[in-house]
Amino acid sequence: MEKLGSMSKDGASSSSTKRKSRRPKYSKFTQQELPACKPILTPGWVISIFVTIGIIFIPIGFASLFASERVVEIVDHYDKDCVPLRYTDDKLAFIQNSKTNKTCIRRLTVPKQMKSPVYIYYQLDHFYQNHRRYVKSRSDSQLRSKSDENTTTNCAPERNSPNGAIVPCGLIAWSLFNDTYKFSVKNKQLGVNKKDITWKSDKGNKFGSDVYPKNFQSGGLIGGAKLNSSIPLSEQEDLIVWMRTAALPTFRKLYGRIEVDLEANDVVIVTIENNYNTYSFGGNKKLVLSTASWIGGKNYLLGIAYLTVGGLCLFLAISFILLYLIKPRPLGDTSYLSWNRSASGGLIFTS
């Protein structure tokens, strides 16, 4: 009986040892024995790769530059010229005075034919939409759903009004751009299409169709444009464009589209309502009219980047070819390695 008891104890201890074992089951995956590709980068392969990248990138670079060159762009820096002479030394007093006439007439000459659609942008300089406090001053849940209209925790200082929660709340919405533009050519008014100027994902997912402006810009300090309280936020595309904050202090945002061609030497009369205050922080406002190509607007950086990378790869390929021809080295020869040489120049390791 004692022997049987000792055997049962030994069995129990061995089974407990097996249960406590942390050794994983053997597999080629856990033991890193799966088949692997281990390419040997011979001079031929390296040169071929560099040549291929150069052959692909250089034509793309030239195509990008040519496409950007065909884009016609008109930029008008109007904020200083749209201030009356008597307010030249005190622009802030002009923009903050509600009784001053903010209407400004500008004449833009079309340098080349601009085929429709002609995109209208406003450009702001020295406006830091990426400031941490500014970016956080919004309520995404409030923008999406009417049931969350009182969720204004992150919206300080534009959270509440004496009549209740502000919808949309926060500094981003409060500072909505409010300059307006009207265009005419040869005494004919040009329509501005402001539909579908937003990202579809923003319009469909981030702004609710049951959320309407409420108590917006009703305080003593008005930051920017006002919103129509009878139109849901999902249809207020100027607001949706503005709420997608820019990463850099100089940025452009889409205002609308002119859907007729503009001929060369046409004079476009622009009636501007110069309402937005950029004078208090030394900012600039610009109106931009631009066509588009397959890469978007005028942008030389993309083409230059492709040409630089492609040219560098071809240069390296040619350098490696010359080095391989002038001073060839057998593949796998380790005699050039410093740690394989003794002090007298002999080899330490032999195979």
Side-chain angles (χ1 to χ4, degrees), residues 73-84 87 91-108 110 114 116-125 127 129 168 172-198 203 207 213 216-218 221-233 235-246 250-260 262 266-281 283-290:
E73 185 176 274
I74 303 172
V75 180
D76 181 39
H77 187 178
Y78 66 87
D79 54 348
K80 294 179 181 178
D81 294 336
C82 285
V83 176
Y87 287 102
K91 300 181 180 65
L92 192 57
F94 161 76
I95 202 70
Q96 290 181 340
N97 189 344
S98 60
K99 296 181 180 179
T100 55
N101 183 14
K102 304 295 195 304
T103 303
C104 178
I105 306 297
R106 305 288 289 172
R107 290 172 173 82
L108 309 178
V110 180
M114 302 180 73
S116 64
V118 178
Y119 295 93
I120 307 166
Y121 300 91
Y122 56 89
Q123 177 175 321
L124 297 181
D125 300 334
F127 191 112
Q129 274 198 319
I172 305 177
W174 176 79
S175 60
L176 175 61
F177 187 79
N178 62 343
D179 282 7
T180 60
Y181 312 108
K182 294 180 181 178
F183 303 87
S184 63
V185 175
K186 299 176 182 178
N187 297 322
K188 181 180 179 182
Q189 197 75 19
L190 299 179
V192 177
N193 185 357
K194 305 192 77 170
K195 293 291 184 181
D196 300 325
I197 61 174
T198 64
K203 186 175 180 179
F207 294 82
F216 186 69
Q217 303 287 23
S218 61
L221 185 61
I222 305 301
K226 296 185 177 182
L227 298 175
N228 190 334
S229 59
S230 63
I231 301 176
L233 296 187
E235 300 299 325
Q236 310 236 20
E237 300 202 24
D238 284 333
L239 173 69
I240 298 174
V241 170
W242 180 257
M243 293 291 285
R244 177 168 282 276
T245 53
T250 296
F251 59 85
R252 293 179 180 180
K253 290 185 181 290
L254 187 59
Y255 181 84
R257 296 185 301 273
I258 297 174
E259 298 186 329
V260 296
L262 300 178
D266 277 352
V267 177
V268 181
I269 307 299
V270 187
T271 304
I272 301 173
E273 290 296 325
N274 183 24
N275 299 314
Y276 201 68
N277 181 11
T278 57
Y279 307 105
S280 60
F281 57 87
N284 298 317
K285 293 186 291 187
K286 297 175 184 177
L287 170 65
V288 181
L289 303 181
S290 176

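No hydrogens, no waters, no symmetry mates; every other heavy atom, side chains included, goes into these values. Position 1 is the first residue of the sequence, and the numbers go up from there.
- A side-chain donor-acceptor contact under 3.5 Å links Asp79 to the backbone of Lys285.
- The minimum heavy-atom distance linking Gly224 with Gln217 is given by the pair N-NE2, 3.1 Å.
- Leu262 is listed as a side-chain neighbour of Val185, based on a closest heavy-atom distance under 4.5 Å.
- Side chain of Asp179 to backbone of Asn275: a donor-acceptor contact under 3.5 angstrom is found.
- If you take CD on Gln123 and OG1 on Thr250, they are separated by 6.5 Å, rounding to the nearest 0.5 Å.
- With respect to the salt-bridge test (charged N to carboxylate O, under 4.0 angstrom), the residues Glu237 and Lys203 qualify.
- Using a 4.5 Å cut-off on side-chain heavy atoms (C-beta onward), Asn284 and Thr278 make no contact.
- Summarising the geometry of Leu176 relative to Leu239, their closest heavy-atom pair is CD1-CA, 4.0 Å, with the distance given to 0.1 Å.
- Contact check for Lys91 versus Lys80: side-chain heavy atoms found under the 4.5 Å cut-off.
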Before giving the answer on side-chain contact (heavy atoms from CB on, under 4.5 Å), spell out for Tyr78 and Val270 the whole-Å C-alpha distance, their side-chain angles and the decisive distance to 0.1 Å. CA-CA 11 Å; Tyr78 66 87; Val270 187; over 6 Å; no
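- Side-chain contact check for Gln236 and Asp238: no donor-acceptor pair (N or O, by modelled atom type) lies under 3.5 Å.
- With Tyr255 as the partner, the ring pair (Phe, Tyr, Trp, His ring centres under 6.0 Å) test is satisfied by one option alone out of Phe183, Tyr181, Tyr121: Tyr181.
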Using the side-chain contact (heavy atoms from CB on, under 4.5 Å) rule, take Val75 and Arg252 through it: C-alpha gap first, then chi angles, then the decisive distance, then the call. CA-CA 11 Å; Val75 180; Arg252 293 179 180 180; 4.0 Å; yes
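- Pairing each heavy atom of Lys102 with each of Ile95, the nearest pair is CE-O, 3.7 Å.
- Residues Leu227 and Pro168 approach most closely at CD1-CD, 3.8 Å, considering heavy atoms.
- For the residue pair Val241 and Lys253, the shortest heavy atom distance occurs at O-NZ, 3.4 Å.
- Of the possible donor and acceptor atoms, none in the side chain of Arg257 sits under 3.5 Å from a partner among the backbone N and O of Ser116.
- Under 4.0 Å is where a charged nitrogen must lie from a carboxylate oxygen, and between Arg106 and Asp81 at least one such pair does.
- Among all heavy-atom pairs drawn from Thr103 and Asn101, the shortest one is N-OD1, 3.1 Å.
- Residues Gln129 and Trp242 are in side-chain contact: their nearest non-hydrogen atoms beyond the backbone lie under 4.5 Å apart.
- The aromatic rings of Tyr87 and Phe94 lie tilted to each other, with the angle between the two planes from 30° to 60°.
- When side chains are defined from C-beta on, Leu233 counts as touching Pro213, because their heavy atoms get closer than 4.5 Å.
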Before giving the answer on salt bridge (Lys or Arg N to Asp or Glu O under 4.0 Å), spell out for Asp125 and Lys286 the whole-Å C-alpha distance, their side-chain angles and the decisive distance to 0.1 Å. CA-CA 9 Å; Asp125 300 334; Lys286 297 175 184 177; 3.5 Å; yes
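- Between Phe177 and Tyr122, the two ring planes are parallel [angle under 30°; tilted spans 30° to 60°].
- Residue Leu108 holds its CG atom at 5.0 Å from CG of Asp76, rounded to the nearest 0.5 Å.
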